[in-house]
Each structure stands twice: as C-alpha cells, then as structure tokens.
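The structure presented is a predicted model; accordingly, all values stated were derived computationally and were not measured. Order of the sequence lines sets the chain letters (A, B, ...), proteins ahead of strands, with each chain counted from 1.
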Number of protein chains: 2
Amino acid sequence: MEKRRSTKAPSRKAAQPKTLGAEAWVAEAWRALSELGVDGVRVEPLAARLGVTKGSFYWHFEDRAALLSALLDDWEQRATAAVIREVDARCESPRERLFALIRMTTASPEAPDAEHAVRAWGAHDTSVRKRLQRVDARREAYVAQLLVAVGVDEARAQMRARALYLALIGEYARVAHGGAATERATWEELMRKLIEP
Amino acid sequence: MEKRRSTKAPSRKAAQPKTLGAEAWVAEAWRALSELGVDGVRVEPLAARLGVTKGSFYWHFEDRAALLSALLDDWEQRATAAVIREVDARCESPRERLFALIRMTTASPEAPDAEHAVRAWGAHDTSVRKRLQRVDARREAYVAQLLVAVGVDEARAQMRARALYLALIGEYARVAHGGAATERATWEELMRKLIEP
DNA sequence: CGAGTTCAATACGGCACCGTATGGAAAAGC
DNA sequence: GCTTTTCCATACGGTGCCGTATTGAACTCG
C-alpha cells in the first residue's frame with residue numbers, strides 16, 4: 001500500500017463531477033494566486049472555497065509544495081505555446097504576426113494578474129526563477145525571430161525584442177496593481193518604431 | 001499617558017546607537033520586503049535579526065500595519081524625487097537627461113528587488129495601489145516632459161514615455177527574479193528610437 | 001538621589017494554518 | 001455480494017506569528 005497518489009483519471013467526460021480532481025484544486029489555486037499572491041494559496045481556505053475539507057486535498061497532493069509545483073507546471077505549459085500557436089495560425093506575414101501578438105497578449109483581462117503573481121513569486125523562490133527564465137527566453141526568441149523576418153538585423157532584433165517584452169511585463173505589473181491598461185495606439189506606436197530597419 | 005509613540009528623536013548624531021529607533025526597524029523591514037515579499041516582513045523574525053525581542057517593536061509601532069505603512073511612506077518619498085533631482089542637477093540638455101535617467105535607474109543593484117517587491121505587494125493591497133499610481137504618474141510625466149523638450153510632439157511623447165517606463169518596470173521584475181540585466185546598448189537603442197520626432 | 005521617561009525582555013492567550021491519522025461512504029471490479 | 005479503490009470528513013498535535021500585559025533596566029533631569 002504505497003500511500004496515496006492517483007494513477008488513472010476517473011474517465012469523467014465533461015459532466016459536473018460529483019467528486020473533485022487535482023485540476024479543480026489547481027484551478028482554485030490560480031484564483032488565490034492571482035488575487036492574493038503565493039502566500040495566499042493555503043490549503044484550508046482553498047478547501048473552504050471548494051466546499052470540501054482538506055482531507056480531500058491531502059489525497060490529491062503530497063503537500064502544499066506539490067500544489068504550487070503543479071501550478072507552475074500548468075503555467076509553463078500553457079503560457080507560451082498557446083499564444084504562439086494562435087498567432088502563427090491567425091496570421092501569415094511576420095509584420096501582422098507582431099501586431100497580432102501584441103493585441104492578444106494585452107487583451108486578456110486575467111493574464112496580467114496571473115503573470116504578475118508568478119513574477120512576484122519568482123522573486124523569492126529559486127524553482128520559479130528557473131521556469132521564468134526559460135519562459136522569458138522562449139518568448140523573447142519568438143519576438144526576435146519575427147523582427148528578423150520583418151527586416152531588422154539580428155543584433156537589433158534581439159535588443160528590440162527585449163525592449164518590447166520588458167514593456168509587456170511592465171504592462172502586466174501595471175494592470176495587476178490597478179493601473180489602466182495602456183491603449184492599443186501606444187503599443188502600435190512602439191511597434192512601428194521597433195520594426196523600422 | 002497616551003500609550004506609546006515617540007515624539008522626539010533621541011538626539012543621536014551618527015554614532016552607533018545602543019538603542020533602536022523606528023528607522024532601524026524600517027531599514028530591516030526593507031531587507032525582508034526585498035528578499036521575501038510583504039508576507040516575509042513579520043515582526044518576530046525582524047526582531048530576531050535585530051537582536052531584540054518584539055517588546056521593542058511594539059513600543060515604536062502600533063502594530064504590524066503601522067510598520068508597513070511607514071515602509072510605504074519611506075518609499076514614496078525617496079523613490080522619485082531623489083532621482084529627478086539628481087538627473088536635473090547632472091545634465092543640462094533634455095537629451096542628455098533622458099540618457100542619464102536610464103543609466104541611473106538601471107544601474108542600482110538594490111532598486112529592482114525593492115521596486116518589484118512594492119509592485120508585487122500592490123497587487124493585493126489597495127493602499128499600496130494608490131501610491132503606486134501616484135508614483136507612476138509622476139515618473140511618466142517627467143519622462144514625457146523630457147521627450148517633449150527634445151522635440152517629440154505631446155501625444156507621441158506620452159505614449160513613448162509610457163512605453164519606456166513600462167520597460168523599466170519590466171526590467172526591475174526581470175532582474176528581481178534572477179534575469180541578467182539588459183545591456184546599456186539595448187536601452188540606448190530603444191531610447192534612440194523614442195527620441196526621433 | 002529619586003522620579004519620570006525610554007527602550008527592551010518575558011510571558012501569556014489566541015488564531016490560522018500545516019500535516020497526519022483514522023474512519024467512513026460511495027462507486028468499481030471480481 | 002463482498003472486497004478494493006477512490007474520495008472526503010473529523011479530530012488531533014504542532015508551529016509560527018500577532019498583539020497585550022507586565023516588569024525591568026538604563027538613561028535623563030530636576
């Protein structure tokens with residue numbers, strides 16, 4: 001009897017599950033993380049919001065750290081790949097892709113809180129830092145590649161990709177702490193400057 | 001006898017104080033805030049690091065919230081005014097001032113952690129948000145004013161000031177979670193684009 | 001020197017949360 | 001039908017922190 005840990009999904013389709021899965025905990029944890037920060041994701045409050053007790057939690061997860069780890073796994077997978085796939089699918093030319101990228105990343109109202117929460121978290125946790133750096137590198141590389149495709153030379157493309165991405169992180173922070181989102185015109189003004197050879 | 005609260009400084013010059021003042025607690029709180037985030041600034045651990053017990057703390061402060069409030073007061077005062085004064089003093093032309101501003105704000109190694117910690121904090125605390133918005137507005141206005149002075153029209157100046165400032169916030173976040181600082185050349189590349197009419 | 005003031009130690013009650021242990025109920029498999 | 005698995009409830013001990021109360025030491029100042 002090797003303690004807990006589920007090995008197989010209960011083959012639930014999409015019906016209202018009478019019983020919770022690990023994903024339900026992760027989803028609720030995202031809410032807590034976005035609203036309160038890492039230190040706000042505690043198992044007992046989470047259980048209360050889910051209408052169960054922590055007895056449930058400790059069946060699905062080893063401990064609180066395991067939940068946080070699952071949270072990060074979830075983020076690292078979805079955060080980058082989805083957007084890039086979407087952008088590549090929607091547009092053909094690199095120029096259009098750049099503008100679409102900005103539009104998509106600055107459109108979602110939930111993204112800023114979540115992103116900013118992860119970054120806040122990353123300031124005092126080494127395991128988060130590693131993932132942040134990987135994700136940042138991947139995203140930056142994607143932007144740089146588009147800039148090259150649009151005619152900017154390699155060296156400048158990397159610098160400008162950095163600049164643009166930094167601004168996006170800044171925007172997430174800004175919105176996360178209650179600032180008004182910066183207008184699309186501003187983003188396009190910046191983008192126009194950055195795609196000039 | 002109106003409880004606690006000191007009204008007069010103990011007229012200490014600059015000598016090693018045998019006794020702690022509120023500033024010592026604030027200073028130590030900054031360390032905790034930068035390293036661990038708001039939830040890391042707790043009075044008992046702080047007391048331990050200062051080599052005293054919390055008996056001391058509750059003489060100088062009403063409660064933990066008062067310390068956090070003092071922290072913010074401290075930040076709001078120093079964060080903006082000092083840099084602007086310095087920049088204005090060092091350079092004459094607005095163009096030089098812009099480049100000096102970037103150099104100064106991206107040079108300090110402690111600033112990113114502190115700034116990012118405040119921003120992380122601001123995501124779940126309304127009183128912090130207000131101050132952040134004030135500070136952000138003041139800084140942005142300063143940049144915009146310099147851009148106008150350098151020949152950019154008003155509308156564009158505001159957009160570009162926003163863009164530049166967002167990038168700076170992003171840089172603080174980046175460095176705070178362990179990323180390498182972005183090179184001066186990158187900042188200057190960005191700045192060159194932004195000061196073009 | 002004695003009284004008040006300033007800073008700190010000690011000790012206490014309380015709360016929120018972690019993780020464990022154990023038991024039960026409902027569904028799944030034989 | 002009976003066992004096993006899956007999921008959750010209850011109850012408990014333990015920890016880290018908050019804030020208060022009380023006492024004490026050291027320094028001022030008359």
For R131(B), the option from D73(B), D74(B), D125(B), D136(B) that meets salt bridge (charged side-chain N to carboxylate O under 4.0 Å, His left out): D73(B)
Rounded to whole Å, how long is the line connecting atom [atom1] of [X] with atom [atom2] of [N]?
{"X": "Y58(B)", "N": "dT10(C)", "atom1": "OH", "atom2": "P", "result": "17 Å"}
{"X": "L67(A)", "N": "dG19(C)", "atom1": "CG", "atom2": "P", "result": "11 Å"}
{"X": "R64(A)", "N": "dT20(C)", "atom1": "CZ", "atom2": "P", "result": "15 Å"}
{"X": "R49(A)", "N": "dC8(D)", "atom1": "CZ", "atom2": "C1'", "result": "20 Å"}
{"X": "L68(B)", "N": "dC18(D)", "atom1": "CG", "atom2": "C1'", "result": "13 Å"}
{"X": "E62(B)", "N": "dC18(D)", "atom1": "CD", "atom2": "C1'", "result": "13 Å"}
{"X": "W59(A)", "N": "dC7(D)", "atom1": "CH2", "atom2": "P", "result": "4 Å"}
{"X": "D63(A)", "N": "dT20(C)", "atom1": "CG", "atom2": "P", "result": "8 Å"}

Taking for each residue the nucleotide of DNA chain C with the nearest heavy atom, is it F57(B) or K54(A) whose nucleotide lies nearer the 5' end? F57(B)
Kindly say if H60(A) contacts the phosphate of dT6(D), meaning a side-chain N or O under 4.0 Å from OP1 or OP2. no
Answer yes or no: does a side-chain N or O of T19(A) lie under 4.0 Å from OP1 or OP2 of dC8(D)? yes
Heavy-atom neighbours of R95(B) CZ exceed 12 at 6.0 Å: no
Would you say R134(A) has more than 12 foreign heavy atoms packed within less than 6.0 Å of its CZ? yes
For residues 34-47 of chain A, which residues have at least one heavy atom under 4.0 Å from DNA chain C? R42(A), V43(A), E44(A), P45(A)
With side-chain contact (heavy atoms from CB on, under 4.5 Å) as the criterion, how do V41(A) and L36(A) come out once you've worked through the C-alpha distance, each side chain's angles and the decisive distance to 0.1 Å? CA-CA 7 Å; V41(A) 19; L36(A) 309 168; over 6 Å; no
Is there a salt bridge (charged side-chain N to carboxylate O under 4.0 Å, His left out) between E115(B) and R119(B)? Walk through the geometry before answering. CA-CA 6 Å; E115(B) 275 276 331; R119(B) 295 205 129 72; 2.7 Å; yes
Would you say V118(B) and L71(B) make side-chain contact, with heavy atoms under 4.5 Å? no
Please list, chain by chain and in numerical order, all residues satisfying ring pair (Phe, Tyr, Trp, His ring centres under 6.0 Å) with F57(B), sequence neighbours excluded. W25(B), F61(B)
